2 protein chains.
Amino acid sequence: MSLVKRVTINDVALAAGVSVSTVSLVLSGKGRISSATGERVNAAVEKLGFVRNQQAVALRGGHSGRIGVIVHNLCHPFYAELTAGLAEELEQNGRMLMLLQEGNGGERLQRCVDTLLAQGVDGIIIAGVSGRGVALRERAAQSGVTLLFASRDSHPDEVAVVRPDNQQAARLATEYLINKGHQRIAWLGGHSASLARAERLGGFCATLLQYGLPFHSHWIIECESTQRRAAEAVVSLLRRNPTITAVVCHNSTVAMGAWFGLLRAGRQSGEDSLDSYYDSRIALAAFADVPEMMLDDVPVTWVTTPAREIGRSVAQRILRAEPTEQDTANSFIVPARLVAHKG
Amino acid sequence: MSLVKRVTINDVALAAGVSVSTVSLVLSGKGRISSATGERVNAAVEKLGFVRNQQAVALRGGHSGRIGVIVHNLCHPFYAELTAGLAEELEQNGRMLMLLQEGNGGERLQRCVDTLLAQGVDGIIIAGVSGRGVALRERAAQSGVTLLFASRDSHPDEVAVVRPDNQQAARLATEYLINKGHQRIAWLGGHSASLARAERLGGFCATLLQYGLPFHSHWIIECESTQRRAAEAVVSLLRRNPTITAVVCHNSTVAMGAWFGLLRAGRQSGEDSLDSYYDSRIALAAFADVPEMMLDDVPVTWVTTPAREIGRSVAQRILRAEPTEQDTANSFIVPARLVAHKG
DNA sequence: TTGAAAGCGGTACCAA
DNA sequence: TTGGTACCGCTTTCAA
C-alpha cells in the first residue's frame, strides 16, 4: 500500500502501446489521430483511471484554470452570494476558484496576492477591499495576471470595479414610494462613514428633488444596525415628525427593527389593528443583499442588490480579459431589482 | 510589454551570481549556506520580486499546499461559516483552499473530486453532501489523498465526518427550558425527512423523559420554514393545547415566525402588554446556524451550531492526517453552545 | 559550501 | 498519423 503512485500519461501510453505524445494529442484532441488509436488510448485512460495533472500542464505554459479570489468576509451575505456566483460561473467554464480571506490590514492583502501569484493563477479577483488597488494591479501585471475588483460601493482607487448601482437602487426604492403616493419620506440607518450609504443617499435625495418633494436633513437618521436601535429610532423620528409617511431603511436589520417599532407604536397609540395601522400610515422600503426567505412575512418593499449577478459578471470579465488589455476595462455597474411587498 | 516573463529561480541565480541549486537551498533554508551567499540571494529575490512557483514545487514531489473543498451551498449560513473557518485555519497553516460548489446530483460530485485530484490537492473536504462517500474515498485514496467529510448531521455512509452534536444541542435547549421551570414543552418546525431534525428530536425527547416530563407526539409539529407558516402553526398549537408553556423551534425563521404569532395572539387576546404576555406565558428556544445580529432583539434563547469551529476542526484534521491512516479517523462531534436571551 | 544534472508530468515541435 | 525529445520551474542527490 503506502504511497500509491499516481497514474501518469506514461502509464497510459504503455498500456495503449503508443507514445506519450500520442496520448497527449488524444487527450487534447489536437492532432489528427486515427480513430483506432484514439479508442485504444481512451480505453487505457478509462481502465487506469487516469486524471490529467493540471500542474504539469500549467507549468509547461498552458493556463492553470485557477482563478484566485480574495474576499473580505465570506460570512457577509453579500460576499457569500457574490462568491457563489463567481464559483458557479467559473465552474461552468472549467475553471476553479482559489479562495483567500483577507483578514486584516493592508500588508496582508499584498501577501495574499503574492500567494495567489505563486500558485500560478490565471487571474485574481478582489472582492470588497478598498485602497491600494493601483499598486496591487501593477504587481499582478508584472506576472501577466489580470486583476479585477468587485465591491459593494465605488472604489477609492482608480481601478476597474464591478459593483452594484447604489444610486439607482435608492432611486428605485424612492420612486416606488412616490408612485405609491408618499410625499414625505425619511431615511433610516447606516453609518455616515459608509460609502455605499452615501451613494444610496445621493440617489434618494436626487429623486426627491426631481419630484419636487421636501427633503430635510433631519429626516436622515444614522442608526446602528440592530433591531432595538432601529425600533427606537423610527419611533422617535415619527414622534418628532408625524407627517412622515414612508421610510427607506439602509439594510434588512434596520427594516425589521423599524417594523417592530411601528408595531409597538401602533399598539401604544391604541390602534386596534396593527396591520391597518401600518398600512395606512407608514410604508417601509429597504435594501437587502439577498432576497432572504426569512423576510418573507414582513411588509417591506425590498431593493435587492444583485450580488450573485455581480459575481457572475466579474467571472465572465476575467475569463474574457486578456492580461494586456486590462487597462481598458472600465467599471461595470450592475442595477438593483425591486421586490414589492405583495398586498 | 505584452507577455511579461515571470521571474524564476534562474533569474535570481544569475543576479546573485550563484547556481540554481544554491538559490533553492537558500529558499528552503535546508543546506548549510554561508551567510554571505544567503544575503546575496535574498537581495536578488527582493530586487527582482521573485515569487516561488508552487506548481513546480508540487510537481517535483513536494506538497502543493492546496486543500480542495466541495461545498453544497455556499450561501447557506451554516456552510458559509464552516467554509470561513476552514479558510481561516488553512491560511494560518500556509495552505489554501480550492473551492468547488456541488450543484446537483451524484455524478457531479465524482467529477468534482476528479477535478480536484487533477489540480494536485493534498486533501479534499466534502461539506454537506450525503451518500456515495465510500466510493469517493476509495477514489481519493488511489491518489494518496485524504478525504474528509463535514456535515450538519450524521452521514449515511460509513465514513468519518466532522459534525455538530445535534442531540446535545437539543438537550441543551430542553434542559434550559426545564430549569426555567417549564414542564410542558412543544416542538415546532422542520420536515420529518430531515436527519438533523431527527437527531435533535432524539435529544429533545430523551431529555423530557429523563426529567419525567410529559411528551406527546401531537406536540411535535412539522412546519415549512417561513415566518407565516410558523406563526400560524404556533397559534393553532397553543389554541389546541393551552397548557404548553415553551416551544423549541427548529430554526431561526420558524422562531421569528413563532414570535410574531405570539405577538398577534397576545394582542388578539386583549393583553395590554405584549412583552408581559409573552414573558409570562410562552418561552421560545431555537437552533441557529450562526449567532446572527439580526436576531438580537427577539426574546428567544438560541442554541448555536458551531459551524466555524467545525470548519476549523476539519481543517486541522486534514492537515494532521497522513494519507494512509485515514481509515482510523473517526467521526468528530462538536458540541453546540447556548446563548440565553438576556432578560 | 556550492554546482551539475536528473527528473516531476505534461506539451509541442520536428522527424519519420 | 505517430514517435522522439527538449523544455516549463523547481528540488534533490551526488560530486567537486
Side-chain angles (χ1 to χ4, degrees), chain A residues 3-42 44-45 48-66 117-122 143-144, chain B residues 3-42 44-45 48-66 114 117-122 143-145:
Chain A
L3 294 178
V4 193
K5 213 177 150 317
R6 285 187 58 166
V7 180
T8 78
I9 197 175
N10 288 289
D11 305 322
V12 176
L14 212 61
V18 295
S19 76
V20 288
S21 2
T22 306
V23 177
S24 178
L25 290 182
V26 174
L27 255 37
S28 52
K30 282 192 172 171
R32 302 148 296 275
I33 313 274
S34 73
S35 59
T37 331
E39 278 171 31
R40 243 173 342 130
V41 170
N42 284 323
V45 165
L48 275 54
F50 167 80
V51 287
R52 210 213 218 101
N53 185 333
Q54 279 297 333
Q55 317 188 75
V57 177
L59 185 56
R60 190 53 179 67
H63 292 250
S64 69
R66 298 180 210 126
L117 253 25
Q119 292 284 350
V121 295
D122 298 333
S143 306
Chain B
L3 295 178
V4 193
K5 215 178 147 315
R6 284 187 60 165
V7 181
T8 79
I9 199 176
N10 288 289
D11 304 323
V12 176
L14 212 62
V18 295
S19 76
V20 288
S21 4
T22 305
V23 177
S24 177
L25 258 16
V26 173
L27 254 38
S28 51
K30 280 193 173 169
R32 303 148 295 276
I33 311 274
S34 73
S35 59
T37 327
E39 278 172 33
R40 234 160 5 116
V41 170
N42 284 323
V45 165
L48 274 54
F50 167 79
V51 287
R52 207 210 218 108
N53 185 334
Q54 280 296 335
Q55 316 188 75
V57 176
L59 184 57
R60 189 57 225 288
H63 291 250
S64 69
R66 298 180 209 125
D114 279 353
L117 253 25
Q119 292 285 349
V121 294
D122 298 332
S143 307
V145 166

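Letters A, B, ... are given to chains in the order of the sequence lines, protein chains preceding strands, and every chain is numbered from 1. Computed from a predicted structure; not experimentally measured.
Residue B:Ser34 is in sugar-phosphate contact alone, with no base atom involved, counting any heavy-atom pair closer than 4.0 Å across all strands shown. No engagement by B:Ser28 is indicated, since no non-hydrogen atom pair under 4.0 Å with the nucleic acid exists. Residue contacts shown for B:Ser21 include a base, since a base heavy atom lies under 4.0 Å away. Residue A:Val18 is classed as a sugar-phosphate contact, given heavy-atom separations below 4.0 Å to backbone atoms only. A:Val51 comes within contact range of the sugar-phosphate backbone alone, with a heavy-atom separation under 4.0 Å but no base atom that close.
With hydrogens and angles left out, the side chain of A:Arg60 and the base of D:dC7 share a donor-acceptor pair within 3.5 Å.
For the atom pair CZ (A:Arg60) and CG (A:Asn53), the distance works out to 14.5 Å, reported to the nearest 0.5 Å. Separation of atoms OG1 (B:Thr8) and CG (B:Leu48) is listed at 9.0 Å; rounding is to 0.5 Å.
Of the listed nucleotides (C:dA12, C:dT11, C:dA4), C:dT11 has the atom at the smallest distance from the side chain of A:Val57. Candidate nucleotides C:dA5, C:dA12, D:dT2 were compared by shortest atom distance to the side chain of A:Thr37, and D:dT2 ranks first. Taking the side chain of A:Phe50 as heavy atoms from C-beta on, and the options D:dG9, C:dG10, C:dT1, the nearest nucleotide is C:dG10. Taking the side chain of A:Thr22 as heavy atoms from C-beta on, and the options C:dT1, D:dG3, C:dA12, the nearest nucleotide is D:dG3. Listed candidates were D:dG3, D:dT5, C:dT1. Nearest to the side chain of B:Arg32 is C:dT1. Closest contact between the side chain of B:Ile9 and the listed nucleotides D:dG4, D:dC10, C:dT2 involves D:dC10. In the set D:dG9, C:dT1, C:dG10, the nucleotide with an atom closest to the side chain of B:Leu59 is D:dG9.
Under 4.0 angstrom from either OP1 or OP2 of D:dG3 there lies at least one side-chain N or O belonging to A:Ser19. Taking side-chain N and O atoms only, A:Thr8 has no distance below 4.0 Å to OP1 or OP2 of C:dG9. For C:dA12, the OP1/OP2 oxygens have a side-chain nitrogen or oxygen of A:Lys30 closer than 4.0 Å.
One can place NE2 of A:His63 at 11 Å from P of C:dA12, the figure rounded to the nearest angstrom. Atom CG in A:Leu25 sits about 9 Å away from atom C1' in C:dT11, given to the nearest Å. In this structure, A:Ile33 places its CD1 atom 11 Å from C1' of D:dG3, rounding to the nearest Å. To the nearest angstrom, C1' of D:dG4 lies 13 Å from CG of A:Asn10. In this structure, B:Asn53 atom CG and D:dC8 atom C1' are separated by 9 Å, rounded to whole Å. Per the geometry, CG belonging to A:Leu117 stands 14 Å off P belonging to D:dG9, to the nearest Å. The separation between B:Gln55 atom CD and C:dG7 atom P is 22 Å, rounded to whole Å. Atom CZ of B:Arg6 is separated from atom P of D:dG9 by 9 Å (rounded to the nearest Å).
Between the side chains of B:Arg66 and B:Gln119, not a single donor N or O lies within less than 3.5 Å of an accepting N or O.
With A:Ser24 contributing its side chain and A:Val20 its backbone, the two residues share no donor-acceptor pair below 3.5 Å.
Paired with A:Val12 under the rule side-chain contact (heavy atoms from CB on, under 4.5 Å), one option of A:Leu27, A:Asn42, A:Val26, A:Val45 passes, and it is A:Val45.
Between A:Ile9 and A:Phe50, the shortest heavy-atom contact is N-CE1, 3.5 Å.
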